[in-house]
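First up is the structure itself, then whatever we jot down about it.
Source: prediction; values computed, not measured. Here is the naming used below: chain letters follow the sequence lines, and residue numbers restart at 1 for every chain.
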Number of protein chains: 2
Amino acid sequence: MTNHSPQLDRVFHALADPTRRAVLERLSVGTAAVSELAAPFDMALPSFLQHLKVLETSGLVRSWKEGRVRTYQLSPEPLRAAEGWMARQRELWERRLDRLDRYLEELKPAERPKATTSGARRKK
Amino acid sequence: MTNHSPQLDRVFHALADPTRRAVLERLSVGTAAVSELAAPFDMALPSFLQHLKVLETSGLVRSWKEGRVRTYQLSPEPLRAAEGWMARQRELWERRLDRLDRYLEELKPAERPKATTSGARRKK
DNA sequence: GCAATGGTTAGGCTTTGACCTAAGTATCGC
DNA sequence: GCGATACTTAGGTCAAAGCCTAACCATTGC
């Protein structure tokens, strides 16, 4: 409720686009230059560069330039952070839903009145 | 490169906003009604409802109405899907980066010419 | 029935995101 | 040096995202 992580915002936002996810998938095979990364996409280079910028700003990739070629490489830390958040959440959720299931199971033949906190059940 | 999953787009987009993540965190404690979820946020109700809609469209939550109260609940499948993508990626990345590290380690005193696919190294 | 409660819909505003074209700049190769 | 290569920068369009206010239902409680 309280802690806001711009880092997570950026990482999830970066992951929310298919082009960017595809770039990450390509990079998991090995480093690559801009034009090499851009090749599979039917998109003007400058548009594509924006995607690379989003990825780099999120921290998911790094890049360096040598001569006129800029090479991109993955950088896994931010992904680990995002994955951590998700894993933590999922665990909580599943634990909770398990408890709920067991609870509902117990009063199988009964009325199934309330879920837990405040909401009640029964579709209508 | 080839497969585009609108489902993943939506889930990651849903997760890219701090308000929405906070709602999910709240829901991992238990179901809750709209006004209860909205309470901690300094935001007009209709604006907040949009966030709930994004969450529901992504599949991360469900809701049902009883009388005039709408109750929200988590729905973990889509999160598991997103987590799956990330875990798969991370594994690839880390495996790759490990290989790279070992490789670079081997030619420690040497020149460190190329990374793997195409890009070369050396900061400048 | 009628006011209060709990959500919902409609519409408008502003910012951000995803694209594009056109015009640079900085190597590289001969 | 000079053309080709590999990005970069500038600026413009259009749609989507995030917020808001102002009505508008639908229950509930007295």
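Not a single donor-acceptor pair under 3.5 Å links the side chain of B/Q7 to the backbone N or O of B/P78. The main-chain N or O of B/A14 is never found under 3.5 Å from a side-chain atom of B/S58 such that the two would form a donor-acceptor pair.
If you measure from atom CG of B/D9 to atom P of D/dA17, you get 11 Å, rounded to the nearest angstrom. Atom CG of A/L49 and atom P of C/dT25 are 17 Å apart (whole Å). Going from atom NZ of A/K53 over to atom C1' of C/dC19 covers 16 Å, rounded to whole Å. Across the protein-nucleic acid pair, B/R70 atom CZ and D/dC25 atom C1' stand 14 Å apart, rounded to whole Å. As a whole-Å value, the separation of B/R10 CZ from D/dA16 C1' is 15 Å. Regarding A/Q50, its CD atom lies at a distance of 14 Å from the C1' atom of D/dC14, rounded to whole Å. The interatomic distance linking A/D42 (CG) with C/dT21 (C1') rounds to 15 Å, in whole Å. Between the NZ atom of A/K65 and the C1' atom of D/dT9 there is a distance of 12 Å, rounded to whole Å.
Residue A/R62 places its CZ atom among 12 or fewer non-hydrogen atoms of other residues, nucleotides or ligands, all under 6.0 Å distant.
Look at A/R90 and B/E83 and you find a salt bridge, because one of the NZ, NE, NH1 or NH2 atoms lies within 4.0 Å of a carboxylate O, short of that distance.
A sub-4.0 Å separation between OP1 or OP2 of D/dC19 and a side-chain N or O of B/H51 is present. B/S47 has a side-chain polar atom (N or O) that falls below the 4.0 Å cut-off from OP1 or OP2 of D/dC20. Phosphate contact (OP1/OP2 of C/dG7, side-chain N/O of B/S35, threshold under 4.0 Å): present.
Where B/L45 and A/V69 meet DNA chain D, the nucleotide closest to each residue was compared, and A/V69 sits on the side nearer the 5' end. Judged by closest nucleotide on DNA chain C, B/P46 is the one of B/P46 and A/R20 placed further toward the 5' end. Of the residues near DNA chain C, A/M43 and A/R68, the one whose nearest nucleotide (by heavy atom distance) lies more toward the 5' end is A/M43.
Residues B/L24 and A/F12 fall within the same hydrophobic cluster, defined by Ile, Leu, Val, Met, Phe, Trp and Tyr side chains chained together at heavy-atom separations under 4.5 Å.
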